[in-house]
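In what follows, a single structure is set out as structure tokens and then discussed.
Only this structure's heavy atoms are used, side chains among them; waters, hydrogens and symmetry mates stay out.
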Amino acid sequence: MDAAARRWFDSRTFDSRNFEAGAFDVAALVRAKRCREQSVSVVIPARNEAATVGAVVRQIHQALVGPGLVDELLVVDSDSVDGTAREAEAAGATVFAAAGIPTGTEPSPGKGEALWKSLFVSRGDLIVFIDADLTEWGPHFVTGLLGPLLRDDATLLVKGFYDRLADDLPGGAQQGQPATAPQGGRVTELVARPLLNLYWPQLSAVVQPLAGEWAIRRGLMESLPVPVGYGVEFATLTDTWSRHGLDAIAQVDLGRRGHRHQNVHDLGVMAAEILATALRRLPGEPPRIAGAGQTLQQYDRQAPEGWLSRRVPTLERPAARESPHYRPFPDRSRMDP
């Protein structure tokens, strides 16, 4: 392993349990937050997650909003048709329709789009992103990710990692219980981590670069370009490293995580997005990548003529602070959801 990566892993990898008890429990994190005069936003991007988003919101609201650690809990809904917004609002979140957030741009579907637009409606100095499809997790995801930011002002970005709970891991489910493993998902292990090891070796000790649970300082997030799709986590990681160095990043072991899994064709599109994001960031002359109309051809016996043509979102939004529609904290007035 790259020597700098090993040194970073040993000094900048934390356990979420450190921020659950003793000197780093919720009350201690609240005191640290208030001492630094900082506010916290939790943002949950969601699309058709009515089955799980309510429980995710409810746990955060009960455990962390009441005690004062989380100042606002937002769900950015990307054109859901299954009642996601209704479930999230009933559980205690403030819900914004992604397409309705005025940014001066034509709406684009995608996770990165939702995260970028959340900057225009949130107020927190520290932003924690949590996926909406979680089935096994806990509020320690939030406290664990906030811990490094609240103990060290030099930390700008915190990535989560976990044992993945799934029935598609090697060995499959046993006795009705899904298997667990410390690996990330298939796109993480087959695309993202090989790319980091080959071209960004200092980041090779980031265990799960595509994890959907991460935290960031607003000042950094609003300065970065944001891919509209699933390239957002890869871009944020590599751009933070290139601009601020390795020690601006930390990672936290969050324990176990369960969530809904995607089929291989969907993962193929995700992999193409990650590759496009990485290619843009390689040293030297960036390769030409087609715009929003780029497609991925996938063979499927059930499809007309045997092929699926899937759109690959490659558009990137400019840094939010460059938009005339963006008003930095604390001067931003709340919008009506």
Side-chain angles (χ1 to χ4, degrees), residues 15-17 19-20 26 40-65 69-70 72-78 80 82-96 98 110-112 114-115 118 127-147 158-169 173 177-188 207-216 230 232-233 236 251-263 266-267 270:
D15 190 317
S16 63
R17 290 171 294 186
F19 307 104
E20 292 178 332
V26 172
V40 173
S41 299
V42 172
V43 173
I44 303 172
R47 177 178 170 83
N48 295 329
E49 302 292 356
T52 53
V53 69
V56 173
V57 169
R58 193 170 294 108
Q59 286 198 56
I60 296 172
H61 195 279
Q62 292 175 350
L64 304 176
V65 174
L69 182 60
V70 172
E72 62 178 2
L73 178 53
L74 309 180
V75 168
V76 180
D77 182 27
S78 298
S80 296
D82 68 344
T84 290
R86 181 178 63 252
E87 294 292 333
E89 190 170 33
T94 300
V95 180
F96 292 90
K111 180 181 182 180
L115 301 193
S118 76
I127 305 173
V128 182
F129 296 114
I130 300 289
D131 280 349
D133 64 347
L134 301 180
T135 56
E136 177 161 335
W137 70 292
H140 68 280
F141 277 32
V142 178
T143 57
L145 292 167
L146 285 173
V158 183
K159 295 291 296 181
F161 69 95
Y162 34 74
D163 285 354
R164 195 166 63 94
L165 182 65
D167 57 10
D168 60 351
L169 291 168
Q177 297 297 320
T180 61
Q183 292 89 9
R186 287 163 283 183
V187 178
T188 293
V207 178
Q208 289 171 1
L210 304 185
E213 286 66 47
W214 49 289
I216 191 169
Y230 285 110
V232 56
E233 280 92 6
T236 302
Q251 65 181 353
V252 176
D253 185 348
L254 299 176
R256 300 207 324 169
R257 179 189 194 267
H259 68 115
R260 177 178 55 82
H261 301 283
Q262 302 189 57
N263 64 47
D266 289 342
L267 294 177
M270 186 186 299

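Once rounded to the nearest 0.5 Å, the distance linking CG of D163 with CG of L254 reads 10.5 Å. Taking CD from E72 and CD1 from I127, the interatomic distance works out to 8.5 Å, rounded to the nearest 0.5 Å. Atoms CG and OH, from L210 and Y230 in turn, are 11.5 Å apart once rounded to the nearest 0.5 Å. Between atom CZ of residue F161 and atom OG of residue S16 there is a gap of 9.0 Å, rounded to the nearest 0.5 Å. Note that CG of D133 is 5.5 Å distant from CG of D131, once rounded to the nearest 0.5 Å. We find the CD-CZ distance between E136 and R257 to be 11.0 Å, quoted to the nearest 0.5 Å.
Closest approach of T52 and A132 over heavy atoms only: OG1-O, 2.7 Å. Closest approach of S78 to A98, counting heavy atoms only: OG-CB, 4.0 Å. Considering all non-hydrogen atoms of both residues, A91 and R58 come closest at CB-NH2, 3.7 Å. For M270 against V187, the heavy-atom pair with the smallest separation is SD-CG2, 4.0 Å. The heavy-atom pair separating Y162 from G212 by the smallest distance is OH-N, 4.2 Å. Minimum heavy-atom separation, D82 to N48: OD2-C, 3.0 Å.
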Worksheet item: Can you list the steps and then say if I130 with F141 is a side chain to side chain contact (heavy atoms under 4.5 Å, CB included)?
Response: CA-CA 8 Å; I130 300 289; F141 277 32; 4.3 Å; yes
Practice prompt. Kindly indicate, with the supporting measurements, whether the criterion side chain to side chain contact (heavy atoms under 4.5 Å, CB included) is fulfilled by F96 and S118.
Written response: CA-CA 9 Å; F96 292 90; S118 76; over 6 Å; no
Practice prompt. Begin from the C-alpha positions of T84 and E49 and carry the test side-chain hydrogen bond (donor to acceptor under 3.5 Å, both in side chains) through to its verdict.
Written response: CA-CA 6 Å; T84 290; E49 302 292 356; over 6 Å; no
Item to complete: For side chain to side chain contact (heavy atoms under 4.5 Å, CB included), just list the numbers for F129 and I44, CA-CA rounded to whole Å, side-chain angles, deciding distance to a tenth of an Å, and then say yes or no.
Response: CA-CA 6 Å; F129 296 114; I44 303 172; over 6 Å; no
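Between T188 and Q208, the side chains place no donor N or O within less than 3.5 Å of an acceptor N or O (distance only, hydrogens not considered).
At a threshold of 4.0 Å, the pair K159-E213 does not count as salt-bridged, since none of the basic side-chain nitrogens sits closer than that to a carboxylate oxygen.
Under the side chain to side chain contact (heavy atoms under 4.5 Å, CB included) test applied with L115, the options V76, T236, V232 reduce to a single match, V232. Screening V42, T143, V128 for a side chain to side chain contact (heavy atoms under 4.5 Å, CB included) involving V70 leaves a single residue, V42.
Not one N or O on the side chain of K111 forms a donor-acceptor pair closer than 3.5 Å with the backbone of P45. The backbone N or O of L74 lies less than 3.5 Å from no partner atom in the side chain of T94, so there is not a single donor-acceptor pair.
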